[in-house]
**Student:** 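This structure is in structure tokens; I'll ask about it shortly.
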Number of protein chains: 2
Amino acid sequence: MDRQPAELDRFRALLQGYMDKKGLRSTDQRKLIVETFFHADNHVSIEELLAQVRAHDPRVGYATVYRTLKLLAECGVANERRFGDGLTRYELADDGATHHDHLICVECHTITEFEEPRIEDLQEKVARKYGFELRSHKHELYGVCAACQKVRRTGN
Amino acid sequence: MDRQPAELDRFRALLQGYMDKKGLRSTDQRKLIVETFFHADNHVSIEELLAQVRAHDPRVGYATVYRTLKLLAECGVANERRFGDGLTRYELADDGATHHDHLICVECHTITEFEEPRIEDLQEKVARKYGFELRSHKHELYGVCAACQKVRRTGN
DNA sequence: CTAAGTGCAAAAAGTTTGCATTCCG
DNA sequence: CGGAATGCAAACTTTTTGCACTTAG
């Protein structure tokens with residue numbers, strides 16, 4: 001996944017600020033896990049991330065990966081996501097201005113992101129109608145992606 | 001949860017048809033679990049449902065409840081739902097014409113249902129735009145419900 | 001130094017499965 | 001009767017935790 005260095009710097013600063021404030025320490029493992037996460041595909045599962053981390057340093061324990069990702073989620077750098085498959089995945093947080101949601105292919109499990117401001121607006125209306133103070137949301141569309149439909153038509 | 005008897009009859013017929021087709025049997029446990037589910041609050045967790053079932057017959061095993069709920073989901077009578085709390089919950093399926101989604105209070109964990117056809121329309125547009133054949137979706141709004149906001153303001 | 005972090009293995013928590021037994025049709 | 005269903009316990013999967021050891025600040 002290609003990311004703009006500036007975007008990552010913003011997240012590095014956010015994490016650093018949070019760690020300073022809480023008196024948390026910067027260890028080699030944490031740096032490795034965080035940078036691996038930054039350069040991994042979006043929506044990596046913990047298992048996938050652990051494998052990539054261990055390619056650089058096989059001694060990293062999986063508890064450390066769990067703990068580091070929880071930390072990233074806490075400080076707003078990452079979001080925890082659970083799509084249908086029983087795995088927890090993490091994605092880089094949004095930049096504040098935009099928000100994206102997901103299309104998930106039920107056949108090949110590909111995850112595509114989409115943005116639709118009009119849906120976001122309607123959501124806020126719904127929340128207001130119920131006197132609900134909106135904090136976050138999850139909007140996932142499940143179906144068959146274009147590629148899988150094609151495969152199905154052509155018999156492969 | 002108050003439900004119309006006619007609605008439940010439709011689901012009983014749906015289940016019966018599925019069981020007939022598959023050569024499945026109607027046992028006392030299954031009947032008890034299904035009827036308990038029909039008359040329980042919507043979005044019951046398996047644990048809650050098991051407790052209610054055991055109030056009538058303490059010998060029912062939890063594997064049977066799991067298996068029966070999977071069956072209900074398979075035949076379209078129930079939907080499996082996982083909100084943030086790590087529990088699997090089941091709700092009665094929609095009636096085909098309407099579809100509802102959820103507002104979830106992050107403080108008291110109350111689940112409220114909402115319907116917004118305009119969002120459903122926009123969803124379909126998004127799906128079309130990506131050449132995606134839509135099968136189902138999940139739309140959950142997380143925030144603080146009116147009651148919890150009030151508690152917070154009045155200090156209790 | 002000393003409190004935070006790590007790695008490991010054990011513990012949790014939720015769900016699924018294997019198997020002998022029961023019982024529907 | 002024969003195959004489905006049940007109940008139990010054991011197995012599994014994913015995540016969390018306790019603890020002795022290490023290390024950043």
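Naming: A, B, ... by sequence-line order, numbering from 1 per chain. Quantities reported herein were computed from a predicted structural model and do not represent experimental measurements.
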**Student:** Could you tell me whether B:Glu116 and A:Lys125 make a salt bridge, using a distance below 4.0 angstrom between a side-chain N and a carboxylate O?
**Tutor:**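 Answer for the salt bridge query: no.
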**Student:** Checking the side chain of B:Glu107 only, and the main-chain atoms of B:Cys145 only, is there a donor and an acceptor separated by less than 3.5 Å?
**Tutor:**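 Checked: no pair found.
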**Student:** Tell me, please, which residues at least two apart from A:Lys22 pass side-chain contact (heavy atoms from CB on, under 4.5 Å).
**Tutor:**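 Per chain and number, A:Lys22 pairs via side-chain contact (heavy atoms from CB on, under 4.5 Å) with A:Tyr18, A:Leu24.
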**Student:** Listed by chain and number, what are the side-chain contact (heavy atoms from CB on, under 4.5 Å) partners of B:Arg54, not counting sequence neighbours?
**Tutor:**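 By the side-chain contact (heavy atoms from CB on, under 4.5 Å) rule, B:Arg54 matches B:Leu50, B:Tyr62.
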**Student:** Along DNA chain C, 5' to 3', what are the outermost nucleotides having an atom less than 4.0 Å from a heavy atom of chain B?
**Tutor:**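 First and last nucleotides in contact are C:dG14 to C:dG25.
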**Student:** Report the end-to-end axis angle of the helix from C:dC1-D:dG25 to C:dG25-D:dC1; each axis comes from five terminal pairs, and the value is rounded to 10°.
**Tutor:**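 End axes: 30° apart.
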**Student:** Within residues 63-73 of chain A, find the residues that approach DNA chain C with a heavy atom at under 4.0 Å, and present them sorted by residue number.
**Tutor:**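 Nucleic-acid contacts, sorted: A:Ala63, A:Thr64, A:Arg67.
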**Student:** For A:His102, check ring-ring contact (aromatic ring centres under 6.0 Å, His included) against everything at least two apart and list the hits.
**Tutor:**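 A:His102 satisfies ring-ring contact (aromatic ring centres under 6.0 Å, His included) with A:His43, A:Phe83, A:His100 only.
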**Student:** With sequence neighbours left out, write down each residue that passes side-chain contact (heavy atoms from CB on, under 4.5 Å) with A:Asp20, or none if nothing qualifies.
**Tutor:**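 Result, side-chain contact (heavy atoms from CB on, under 4.5 Å) vs A:Asp20: A:Gln16.
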**Student:** Between A:Thr36 and A:Ile33, is the side chain to side chain contact (heavy atoms under 4.5 Å, CB included) condition met? List the steps.
**Tutor:** CA-CA 5 Å; A:Thr36 304; A:Ile33 294 166; 5.7 Å; no
**Student:** Mind checking whether B:Val77 and B:Phe38 have side chains closer than 4.5 Å, heavy atoms only?
**Tutor:**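 A side-chain contact under 4.5 Å exists here.
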**Student:** For B:Asp95, is there any backbone N or O sitting under 3.5 Å from a side-chain donor or acceptor partner on B:Glu7?
**Tutor:**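 Side chain of B:Glu7 to backbone of B:Asp95: no pair is present.
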**Student:** Among B:Lys70, B:Lys138, B:Arg89, exactly one meets salt bridge (Lys or Arg N to Asp or Glu O under 4.0 Å) together with B:Glu80. Which residue is that?
**Tutor:**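 Of the listed options, the one satisfying the test is B:Lys70.
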**Student:** Name every residue in residues 17-35 of chain B that has at least one heavy atom under 4.0 Å from any atom of DNA chain C, in order of residue number, or write none if there are no such residues.
**Tutor:**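 Hits under 4.0 Å, by residue number: B:Arg25, B:Ser26.
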**Student:** Side chains of B:His139 and A:Gln123: do they bring a donor and an acceptor to under 3.5 Å?
**Tutor:**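 Indeed, the side chains of B:His139 and A:Gln123 share at least one donor-acceptor pair under 3.5 Å.
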**Student:** Determine, stepwise, if the pair B:Leu8 / B:Leu92 fulfils side chain to side chain contact (heavy atoms under 4.5 Å, CB included).
**Tutor:** CA-CA 9 Å; B:Leu8 293 184; B:Leu92 212 56; 4.0 Å; yes
**Student:** As a test of understanding, state which of B:Glu115, B:Glu120, B:His137 forms a side chain to side chain donor-acceptor pair (under 3.5 Å) with B:His99.
**Tutor:**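 Answer to the side chain to side chain donor-acceptor pair (under 3.5 Å) test with B:His99 among B:Glu115, B:Glu120, B:His137: B:His137.
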**Student:** Heavy-atom contacts under 4.0 Å between residues 52-62 of chain B and DNA chain D, which residues?
**Tutor:**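 The stretch gives B:Arg59, B:Val60, B:Gly61, B:Tyr62 as the residues lying under 4.0 Å from the strand, ordered by number.
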**Student:** With sequence neighbours left out, what residues match B:Asp121 under side-chain contact (heavy atoms from CB on, under 4.5 Å)?
**Tutor:**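 By the side-chain contact (heavy atoms from CB on, under 4.5 Å) rule, B:Asp121 matches no residue at all.
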**Student:** Listing request: all side-chain hydrogen bond (donor to acceptor under 3.5 Å, both in side chains) pairs with a residue in residues 23-33 of chain B, at least two apart in sequence or in separate chains.
**Tutor:**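 side-chain hydrogen bond (donor to acceptor under 3.5 Å, both in side chains) check on residues 23-33 of chain B returns no pairs.
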**Student:** Is it the case that more than 12 heavy atoms not belonging to A:Glu47 sit under 6.0 Å from its CD atom?
**Tutor:**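 No, because the 6.0 Å sphere around CD of A:Glu47 holds 12 heavy atoms or fewer from other groups.
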**Student:** Hey, are B:Arg12 and B:Glu35 close enough for a salt bridge, meaning a charged N less than 4.0 Å from a carboxylate O?
**Tutor:**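 So B:Arg12 pairs with B:Glu35 through a salt bridge.
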**Student:** What are the bounds, 5' to 3', of the part of DNA chain D that sits under 4.0 Å from heavy atoms of chain A?
**Tutor:**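 That gives a stretch of D:dT14 to D:dG25.
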